Amino acid sequence: MTTVTDTPLVVVDDLSVRFPTGTGDGVVRAVSGLSFTLASGGALAVVGESGSGKSTAAYALLGLHRGTGAEVTGTVRVGGQDVQAADDTALRKLRGGVAAMVFQDPLSSLDPYQAIGDQIAEVHRLHHPGAGRRASRARAVEVLDRVGIPDAARRARSRPHEFSGGMRQRALIAMALACEPRLLVADEPTTALDVTVQAQILGLLRELREETGMGLILVTHDLGVAASSVDELLVMKDGRAVEHGPAREILARPREDYTRELLAAVPRVNVRRETVSTPKDDDSVLLEATGLRREFGRGKKTVTAVDDVSLTIRAGETVGIVGESGSGKTTLGRMLVRLLEPTGGELRYEGRDIGGLKDRELRSFRSELQMVFQDPVSSLNPRRSVGESIADPLRVAGRLDDAAIVARVRELLERVGLDPDAYHRYPHEFSGGQRQRVGIARALAPEPKLIVCDEPVSALDVTTQAQVVRLLGELQRELGLAVVFIAHDLAVVRQVSDRLVVMRGGRIVEAGPADTVYERPRHAYTQGLLAAVPRLEPAEATA
Amino acid sequence: MTGYFLRRALGALAVVLVLSAVVYATFYIAPGDPARLACGPRCNPEQIRQVREQLSLNDPVYLQYWHFLQGIVSGHDYSTGTGVLHCQAPCFGLSYQNDQQVTDLIVQRLPATASLATGAMVVWLLLGTGTGLLSALRRGGLTERVLTWLTLAGTATPVFISGLGLLMLFCAYLEWLPFPTYVPLMDDPEQWAWNMLLPWLALGLLESAKYARLTRSSMLETLAEDHIRTFRAYGATERSLIARHALRGAVAPVVALTAADFGSMFGNAMLTEMMFGLPGIGQLLVNATRTIDLPVVVAVVMVTGTAVVIANIVADLLYAAADRRVVLR
Amino acid sequence: GPKGSGGDSAGGGADGAPKKGGTLTVLNRAPQKQFDPARLYTSGGGNIPSLVYRTLTTRNRENGAEGTKVVPDLATGTGTPSDDAKTWTYKLKDGLKYEDGTPITAADVKYGVERSFAPELSGGAPYLRDWLIGGDTYQGPYKEQKGLDSIETPDAKTIVFKLKKSEGDFPYFATSTQFAPVPKAKDTGAKYAEHPVSSGPYKVVKNANDGEQMVLERNPNWSEETDKERHAYPDRIEVKSGLAPAVINQRLSAGQGADAAAVTTDTNLGPAELAQVTGDKKLAARVGTGHFGYTNYLAFNPKAKPFDDPKVREAIAYAVNRTSVVNAAGGSALAEPATTFLPNQKSFGFTPYDPFPAGATGNAAKAKELLKEAGHADGLDITLTHSTAQNFETSPEIATALQAALKEAGIRVKLEGLEENDYDEKTHSVDKQPDLFLAHWGADWPSGGPFLAPIFDGRQIVKDGANFNASRLDDSAVNNEIDEINKITDHDAAAKRWGALDQRIGAQALTVPLFHPVYKRLVGKDVKNVVISDWTGVLDVSQVAVK
Amino acid sequence: MTTELITTQEPEAGVAPASGARQVWRRLRARKSALAAAAVLGLLALLALGAPLLAALEGQDANSYHDTLVDSARGGVPLGGLGGISAEHWLGVEPGTGRDLFVRLLSGARVSLLVGIGATLVQVLLGLAVGLAAALGGRAVESALGHLTDVMVAMPLLVFAIALMAVVPADFPRPVLLVIAIGLLNWGGMARLVRAQALGLTKLDFVSAARLTGASRRRIARRELLPSLAAPVITYAAVLLPANIVIEASMSFLGVGVKPPTPSWGQMLSTATTWFRADPMYVLLPALMLFVTTLAFTVFGDGLRTALDPRQASRLGVGRKRRTTRTSGAGGTA
Ligand SMILES: Nc1ncnc2c1ncn2[C@@H]1O[C@H](COP(=O)(O)OP(=O)(O)OP(=O)(O)O)[C@@H](O)[C@H]1O
Ligand SMILES: Nc1ncnc2c1ncn2[C@@H]1O[C@H](COP(=O)(O)OP(=O)(O)OP(=O)(O)O)[C@@H](O)[C@H]1O
Ligand SMILES: [Mg+2]
Ligand SMILES: [Mg+2]
């Protein structure tokens, strides 16, 4: 379909992007001195931790920094066109015509008011001005069909909110296809999706590349995703390219420390947990849920988020809960610590039914059930110093005097690997991983017996993720805590869990000792989940 | 949806009821004797006694209020002396002042207020959203600065200053326009419009400032949304981005606020009506307040309150219709 | 284009003989909320109402003092008194007809009077109730169908009123709309005002928006033969009310379009407009000046301390600075300083006197002296109550002017401003009456009786109604003199006695007269035959011509 | 649903940009218009506070009549040019009475500022109390307060103010009454804003974390919510303040505001309307004062809003919505 020429599809030479910062006269160097080329039909993954400049570099390929105040130097050539020098018309031709971009969040990236087919047709007409309305519509249906939307002709009339996440992502890819670009730039196209859907999308991209011969630049922070989709890898850190070469080679023999670190931190789903903590006492049941139920909404719109879940948590053990988005993990976790009141079923804590207790009645043992939250940003009050946040449970308990509280908070900060002097600093002065440590310290402060961790590491980079997971493991062992570890990432869960619970649609589909479930999954759903996990090893990736 | 409606309608009813009760109670304890005011400047005690009886002012207040509510639901019969006057439901009673049916009084006043509100709405939509859009598109430029200052000045000008200014300028000095008198639309549409022009401008200008700011910020917010970025990345021109993708989302809050404001105009255009001598609801209310004409006051407050509540429901519906991401519950 | 935005319109100008035809526009502030003859409270039958309702007698439609005379209207004379003016007999003219052509009978007049007793039709003046035998308990023809015995109609043309006491002023009161005929068959009670049956030169063709918009057209069955007073030049009269005073005067002075043939019956020129008008010769020529019997005064409660001491009251009377009060009331063109309680008009029996001569700006020294005598050498603290309404009468500006003047005499005044309704209720209530407040009184007709009696007659102290005898004067000598004068049917003779009585009461310093207002009225540039009587002080709409 | 402005300069996404007082000040300082407005307001406050002093300096007071300075025969129009401006009367005198305009305008400023600021404070306090109670309370409390707020919003403010003015005893100090009346009648918007913001905040995990500490609702409201509410509340208060000044002026204009002879701009304007031809200064001065004051407050509020929260600056409308929520589409899974 595309004419294969000798000139590379993309040439980036000494690209630097700087953003002026709002306050003062400082600048953020998002990308500095980046150079790479991509041959026609080639596939390159740009990987690196958050904030390393991946998206910024990708945007430069389409000249999307124009008019935003960002300062771009160096040259970028896409399909022979100098992006920097191109005038507005030429740039518009390039966008979509030569290179198309697929953005991360599939919902917000589509116009909520227009039918998906119309949006695709509009983009098609932008690059085929001669095409009639009808022809563009037909093309839209065609590409939707191509990306695997069932009954495309009918679904083309749906609006984005009527599509599921995966379908939206497909629609965005279809939109790109509609213009027959020679290069597809995908900025984290699968981060918002479940593993199973992610696997489907990655497969689709692979297929399309083989079929149309278009080039692909995949921006991702997930090495697993990169490994399974491209031939070439570009590792970025702090706006610079750290390592660049064939994917297999880098994965097998990383040359740079940073790459090595990155690789080491990636959790593997097929590796057993090193030390399995044995519950102190087999009978010491801490928390017991029987037929737990939770509904949201009223009347016809009732959603049963958790349905008939029975679960036992013994002192000192770690229970992992996995399942795709919306399967009720968070809802279950919040019920376990009684942030939510169950609609039905029984919840016994140390033998006492706490399911229906009022806030006031809960107070006496609130401190024994704690939670670590997913989002390190919103889980800390931005207006209060982290020390105060950690001290809160101690102050509420009112057992210690001020000096003792401060001392204890400093001790906790140190324990989670932070500088004790961080007491008076505010959350925004910390990185994501550090904030999560603060969150853990806060949960530890009242000396709880159980901590529910709701996706405590999903918002973190692999390297930070590994550190935090390690910390949690240590603490659990040391303090003999019971931990409920919720995550959608099966590999992460495997690293910490003694027992595993797989949820789907609010129900438990499979439960058992972790290793058993991972190695011999019985339920088809669990099997599917495990199969969809992207593998890091090149051999596995191509398999 | 039906459930939503039902709930909102019940809520609205409750609001209006509470409102009327509060008004009743407030005016009941206010000084001044309605019987004396109705009776005339030099009534003797016997006459006042008779009038008080005639107006049922001797009943306990809750009973008076109850009868008032009954009238709304099932109408009421009044003696005219020579015969019986049936005041049909919804009957808000008779004015203490001259035994006119309150319902009639309000119905007579509605056209003027509706004219004012509608015209002012057109003014603020055209002027407000127009300047708002313009300043959003020309952001950073001189146009934006000038428009920003103009709208700021607009919000800072109470209607009794802008109205006075307009009157002085167009009627007194330039003599381009007559001093406004209300001409019903049905009588003479052209004169209606000419006479309403200044009130529309005065009220519309004040409101348009608010709309300009809302439109501008809403437009900027929408332009920054991800789906706009998508189409920009496919080479859509800035103009088509706005026309095809941004406008609709940006307009949602404007439409919703318009509906809500239109509703509140029925009670809040009082100053404009006083300023320009428009025989509207607001004027009726102010006059009735001064003479403690309780049935009129309560009825007007109920009508304007209902307008506000309904307008808020409409606003929410419009908002939900315009912005798909909104969930009504 | 907007109607009437172009300055000049065709029109004869204000000179030349008045002719019939054309449309007169009346621009008013207050809507004609009441239009039932039983409910109207107007002096001399009112202005717009008197175009529709003829009454037994009416005011003389002449300029100035001539206009304070009472003349026959439906009746052949102003009334024949008998039995010490306790019985009044009227004969109706021949050929009187309603708008529908049916004849007007004495029974209709009787019915009209009786209607005004119905509580459904409240609002009229209280005199009928006080005067007519059986009037105090009569409930009107709807409840008591047999009617009031004290009104007799021996034949279709004769009507006789029997009173409890002598009332020499009866012919004056017979000008009010309660004496307009109402055909019983056409009476719709409370709804009558929507379609009143006209006996006057015009009939109501439209009465909308609670009296805000009225249109009157010629009544074909009215004949000039029987009505010497009303001219009825214009073919059509359009009343537009609910306008702001400023707008009315602006429109009258601009005179665009229909406004060239416009007048107002209820809006004076305010001080600001006066300032503007006097600077413009053309406009100044269009201003009419009127006097209405009216006095603004300070009212005391002489039963309360420290006003129980006449010396204190006198001190205040001396301390008052009438110049600043007059300025606060709109300046010397709109207010004349007053030293007598009676208005400065002959018909009231005006006898100039000044018991406490304070000069133009007050006599603080004399006041201080009096205070010292009264034992208030260190000054005095008092409270002055006024209304917060901006009305140039009882307004805060006038109160402040007094405050400033009294301060010179060592009297420290605390002001108490009351909301209009509150003020009205308190100042007219025996129990809640403030001890010192700004008050005003206007005449129901140009005679000393309705001016002095309600204020100083001890038998008119009203316990649970509107009381106007703020000084609670109950002096049998005064009461007797009032009764005696009321027996006199010769107006001039009575006026002299009223004047003497006023002077006698004035010496007691029960009130401090402040000023009499003057009315300045602007008319449209095409308006002719402007007549302003001293009875009403305003332009007589029945005399105006626009052609 | 978080949507970011194109002009966003705050790289962190999340609850609200962390903004210490210093940062706010820095951002505020960057806006010249806001600084100018602040200067005007400062001057105004000085004038209002120093009114007695300035009056003494001029040698006049607010209520003395000057019969000789007005032309009594011509309705009391001030003698001399420009409304009688002279060395004794710096801004001329009032027609009719000859009272000194400079002092009266200054006293008017006192009333305007006092009522404006006072009423805003009442609104903020009530709005916070009701809004927080609605956000944290149970279903019954929430719906009751919601209806109450609806009633307040549907209430024609001026009418109730008129009624209230009549009900309260005459010797109750008027400006205080106005503060209470405007504050009591007009807190609906603030309550809605606080409720919406607080509800948004309670969905955030740090509030859940606070609940897990066993903290009471009141403690959560005070410790966790209030600090984050400060920015939107201050921002909205900056919008309410000039509006309250205008309401006071409107009420005085209608004759139900401050009681004469206490001067107030609205009341001066209402008598002045007829004077615009004979004595234009008399209209222009109070109109200008009122205009400048509201404009300065508006501009300053605008600046403050941007300084406090650049991302939220454009989203003040939030307070209005009650039963609608924006959620990022409830689409199913693949
Ligand atoms: N518009 C902007 N203004 C200022 N700084 C910016 C802007 N956009 C990005 N940055 C900064 O530039 C750096 C690189 O950002 P970029 O979005 O490219 O990172 P990324 O590698 O895509 O990270 P992520 O994995 O989180 O998407 C970051 O420090 C970011 O804060
Ligand atoms: N407050 C709520 N109101 C209404 N529905 C809710 C609420 N919270 C959760 N749900 C619904 O309950 C279901 C389960 O949600 P939950 O958050 O427990 O899923 P999850 O497994 O944690 O998903 P994720 O991996 O995306 O965090 C979903 O369908 C969700 O839409
Ligand atoms: Mg990125
Ligand atoms: Mg979750």
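Since this is a predicted model, take the numbers as computed values, not measurements. Chain letters run A, B, ... following the sequence lines, proteins first and then strands; every chain starts at 1.
- If you tally non-hydrogen atom pairs under 4.5 Å between each of B:A288, B:A311, B:G305, B:A153 and chain D, the highest count goes to B:A153.
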> D:R192 and D:D150: salt bridge (charged side-chain N to carboxylate O under 4.0 Å, His left out), yes or no, with the steps?
Replying inline: CA-CA 9 Å; D:R192 284 184 179 180; D:D150 281 355; 2.6 Å; yes
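- Looking only at heavy-atom pairs under 4.5 Å with chain B, the residue among D:P242, D:S250, D:S33 that has the most is D:S250.
- Looking only at heavy-atom pairs under 4.5 Å with chain D, the residue among B:L271, B:T157, B:V159 that has the most is B:L271.
- Contact of B:V308 with chain D is made through the side chain alone, with heavy-atom distances under 4.5 Å.
- With a 4.5 Å cut-off on non-hydrogen atoms, B:M302 does not touch chain D at all.
- The distance from the CH2 atom of D:W187 to the CG atom of D:L240 is 13.0 Å, given to the nearest 0.5 Å.
- For a residue to count as touching a neighbouring chain, one of its non-hydrogen atoms must lie under 4.5 Å from one of that chain's; by this rule B:T26 touches chain D with backbone and side chain alike.
- Taking 4.5 Å as the limit, every side-chain heavy atom of D:L145 sits out of range of all side-chain heavy atoms of D:R195.
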>> For a side chain to side chain donor-acceptor pair (under 3.5 Å) check, start with the C-alpha distance between B:E221 and B:S217, then their side-chain angles and the critical distance, and finish with the verdict.
In response: CA-CA 6 Å; B:E221 200 172 307; B:S217 60; 5.8 Å; no
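- Contact of D:F253 with chain B is made through the side chain alone, with heavy-atom distances under 4.5 Å.
- Between B:H227 and B:H245, the two ring planes are perpendicular [angle over 60°; tilted spans 30° to 60°].
- Summarising the geometry of B:A246 relative to B:T222, their closest heavy-atom pair is O-CG2, 3.5 Å, with the distance given to 0.1 Å.
- With a threshold of 4.5 angstrom between heavy atoms, D:L295 approaches chain B through its backbone and through its side chain.
- Of the residues considered (B:V301, B:T304, B:V23, B:L167), B:V23 shows the highest number of contacts with chain D, using heavy-atom pairs under 4.5 Å.
- D:V292 does not touch chain B: none of its heavy atoms, backbone or side chain, sits under 4.5 Å away.
- No part of D:A243 comes within reach of chain B, as not one of its non-hydrogen atoms sits under 4.5 angstrom from that chain.
- Every residue was checked against the salt bridge (charged side-chain N to carboxylate O under 4.0 Å, His left out) condition with B:E273, not counting sequence neighbours, and none meets it.
- Note that CD of B:Q283 and CE of B:M270 are 10.5 Å apart. Values are rounded to the nearest 0.5 Å.
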